[in-house]
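What follows is a set of notes on a single structure, which appears directly below.
Values in this document were obtained by computation on a predicted structure and should not be read as measured data.
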Amino acid sequence: MLKYRNILVFIDVDQESQPALERAASIAEKETGAKITLFLCCYDLTFEMTSLSSSDEREAMQRIVIKENEEWLKAIAAPFKERGLDIHCQVNWHNRPFQAAIVEVLKNNHDLLVKATHQHSKLSAILFTPTDWNLLRKCPVPVLLVKNHLWPKHGNILCAIDCKSIQDDEHHQLNQQILKEAAVMAEIVNANIHLVNAYPSPPMNIMLELPEFDPINYEDGLKKFHQKTLNDYAQTLKLPKDQIHLAQGLPEDVISEVAEKIDAELVILGTVGRSGLSATLLGHTAEQVIDNLNCDLLALKPAGFISPITL
């Protein structure tokens with residue numbers, strides 16, 4: 001069964017190389033019949049604010065810019081077409097690239113969005129939400145954020161599992177979804193699957209307010225609970241013990257540390273979309289992990305997720 005039949009590659013005009021296209025091509029070459037669409041969003045505010053031009057003249061200028069970008073995309077696609085890949089090009093005029101990309105996903109039923117990523121400053125992340133973060137929150141299909149780490153044969157895929165929410169049916173289903181996605185990706189790229197989970201330290205406020213509180217027993221019980229839950233998930237894929245990783249700390253720190261330790265080529269985790277002020281100030285684990293990883297990140301939405309962006 002084909003998993004990724006219709007891949008959308010978000011092209012970054014500010015990058016000389018296009019690692020997202022390379023990654024999508026490597027996946028499509030292993031998925032017979034897969035189609036790749038190169039997507040580019042262009043916009044120039046000066047074209048919209050030119051009072052000396054009529055609406056027809058502005059539209060004509062837009063068409064020229066779109067045509068130039070289409071030719072540029074075709075030149076990028078040419079070497080990949082020579083490799084036998086089915087590649088198409090799509091250029092949209094839109095002032096919000098993430099929104100245009102999600103509309104393209106919805107309109108043409110893409111099943112994977114691939115985009116290269118790079119570091120964001122914390123200041124810009126608060127004032128100007130990066131396209132990556134909006135895609136993580138709002139894109140209804142899996143988002144593969146690509147860095148320059150190679151995908152070697154027999155490499156490692158790291159699945160971030162949320163054990164503390166095992167009694168939450170939505171989180172449990174998302175964990176299972178992560179495992180299924182990992183199994184598919186591991187088969188496509190011939191990789192090994194690892195699981196990782198982080199458990200928290202004893203809460204300081206309880207330790208201060210309740211003198212009878214025993215942090216050692218609490219921590220030991222918490223660790224055993226997380227270990228058993230993680231082992232149960234690992235058993236579904238029959239993973240050996242050396243591919244199961246549990247550590248105390250913040251999820252974003254533990255995931256990044258384990259990914260570096262095993263030289264992971266891909267980290268898979270679930271993300272739940274937020275909107276409004278909470279999204280701007282809080283972010284989520286996926287967002288906090290991005291800049292700390294030296295490998296690709298595949299972010300999944302829970303089943304039934306509905307994007308706030310619509311057709």
Side-chain angles (χ1 to χ4, degrees), residues 4 6-15 18-21 23-24 35-49 55 58-59 61-70 72-73 76 88-121 123-146 270-284 286-287 290-291 297-311:
Y4 304 114
N6 194 4
I7 303 172
L8 184 68
V9 179
F10 192 109
I11 297 296
D12 189 346
V13 294
D14 296 324
Q15 289 190 329
Q18 297 295 332
L21 175 53
R23 190 72 78 234
K35 182 179 89 170
I36 295 176
T37 299
L38 306 187
F39 177 81
L40 186 138
C41 188
C42 57
Y43 183 78
D44 191 330
L45 183 61
T46 58
F47 284 23
E48 307 293 339
M49 299 177 65
S55 60
R58 289 196 296 269
E59 289 176 5
M61 289 189 290
Q62 291 176 16
R63 286 196 295 270
I64 291 172
V65 174
I66 289 174
K67 181 68 174 177
E68 291 174 348
N69 280 288
E70 285 175 344
W72 181 66
L73 281 186
I76 291 176
H88 304 261
C89 300
Q90 176 68 37
V91 179
N92 284 16
W93 183 273
H94 203 290
N95 64 340
R96 291 187 175 181
F98 79 88
Q99 187 171 331
I102 293 174
V103 168
E104 173 68 19
V105 166
L106 295 171
K107 187 183 296 183
N108 292 295
N109 297 314
H110 295 284
D111 48 33
L112 176 67
L113 190 152
V114 187
K115 183 186 180 300
T117 187
H118 41 78
Q119 286 191 336
H120 316 113
S121 72
L123 182 61
S124 69
I126 293 173
L127 298 181
F128 310 102
T129 304
T131 298
D132 299 354
W133 292 21
N134 270 310
L135 290 174
L136 284 174
R137 294 179 183 125
K138 300 171 184 177
C139 185
V141 300
V143 175
L144 177 60
L145 295 177
V146 177
T271 176
V272 178
R274 290 196 183 107
S275 60
L277 186 63
S278 63
T280 303
L281 297 180
L282 298 178
H284 21 125
E287 295 169 353
I290 290 175
D291 289 342
L297 175 74
L298 181 63
L300 309 179
K301 288 292 189 304
F305 172 83
I306 300 175
S307 173
I309 307 299
T310 64
L311 293 177

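- Taking the side chain as every heavy atom from C-beta outward, L113 and F39 never approach each other to under 4.5 Å.
- Closest heavy-atom contact between A24 and V9: CB-CG2, 3.4 Å.
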Report task. Give the intermediate values and the outcome of side chain to side chain contact (heavy atoms under 4.5 Å, CB included) for residues D44 and W93. Result -> CA-CA 9 Å; D44 191 330; W93 183 273; 3.9 Å; yes
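- Annotation: the span from Q90 atom CD to K107 atom NZ amounts to 7.5 Å, rounded to 0.5 Å.
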**Report entry** Intermediate values then yes/no, side chain to side chain contact (heavy atoms under 4.5 Å, CB included), L112 and L298
**Finding:** CA-CA 10 Å; L112 176 67; L298 181 63; 4.0 Å; yes
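- Annotation: the span from I76 atom CD1 to L40 atom CG amounts to 8.0 Å, rounded to 0.5 Å.
- Among all heavy-atom pairs drawn from D132 and A116, the shortest one is OD1-O, 4.2 Å.
- The closest side-chain heavy-atom distance from W72 to V91 is not below 4.5 Å.
- N6 approaches N109 most closely through the heavy-atom pair ND2-O, 3.4 Å.
- For the pair N69/V65, a side-chain contact is recorded, criterion being any heavy-atom separation below 4.5 Å from C-beta on.
- Between K115 and T131, some side-chain heavy-atom pair lies under the 4.5 Å cut-off.
- The shortest non-hydrogen separation linking I309 to L106 is O-CD1, 3.3 Å.
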Query - Criterion side chain to side chain contact (heavy atoms under 4.5 Å, CB included) on T271 and K301, from CA distance to verdict - result: CA-CA 6 Å; T271 176; K301 288 292 189 304; 3.8 Å; yes
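- Rounding to the nearest 0.5 Å gives a distance of 10.0 Å between OG1 of T117 and CH2 of W133.
- Of the options L311, V141, L135, a side chain to side chain contact (heavy atoms under 4.5 Å, CB included) to I102 is made by L135 and by none of the others.
- When all heavy atoms of A20 and F10 are compared, the closest pair comes out as CB-O, 4.4 Å.
- Considering only heavy atoms from C-beta on, I11 comes within 4.5 Å of Q18 through its side chain.
- P308 has its side chain within reach of K138: a pair of non-hydrogen atoms, C-beta onward, lies under 4.5 Å apart.
- Taking every heavy atom of both residues into account, A101 and L8 meet most closely at O-CD2, 3.8 Å.
- At distances below 3.5 Å, not a single donor-acceptor pair connects side-chain atoms of N92 with backbone N or O atoms of C41.
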Query - side chain to side chain contact (heavy atoms under 4.5 Å, CB included) assessment of E59 paired with R63 - result: CA-CA 6 Å; E59 289 176 5; R63 286 196 295 270; 3.9 Å; yes
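- Remark: Q99 CD to S307 OG distance equals 9.0 Å, nearest 0.5 Å.
- Distance CD1/I7 to OG1/T37: 9.5 Å, rounded to 0.5 Å.
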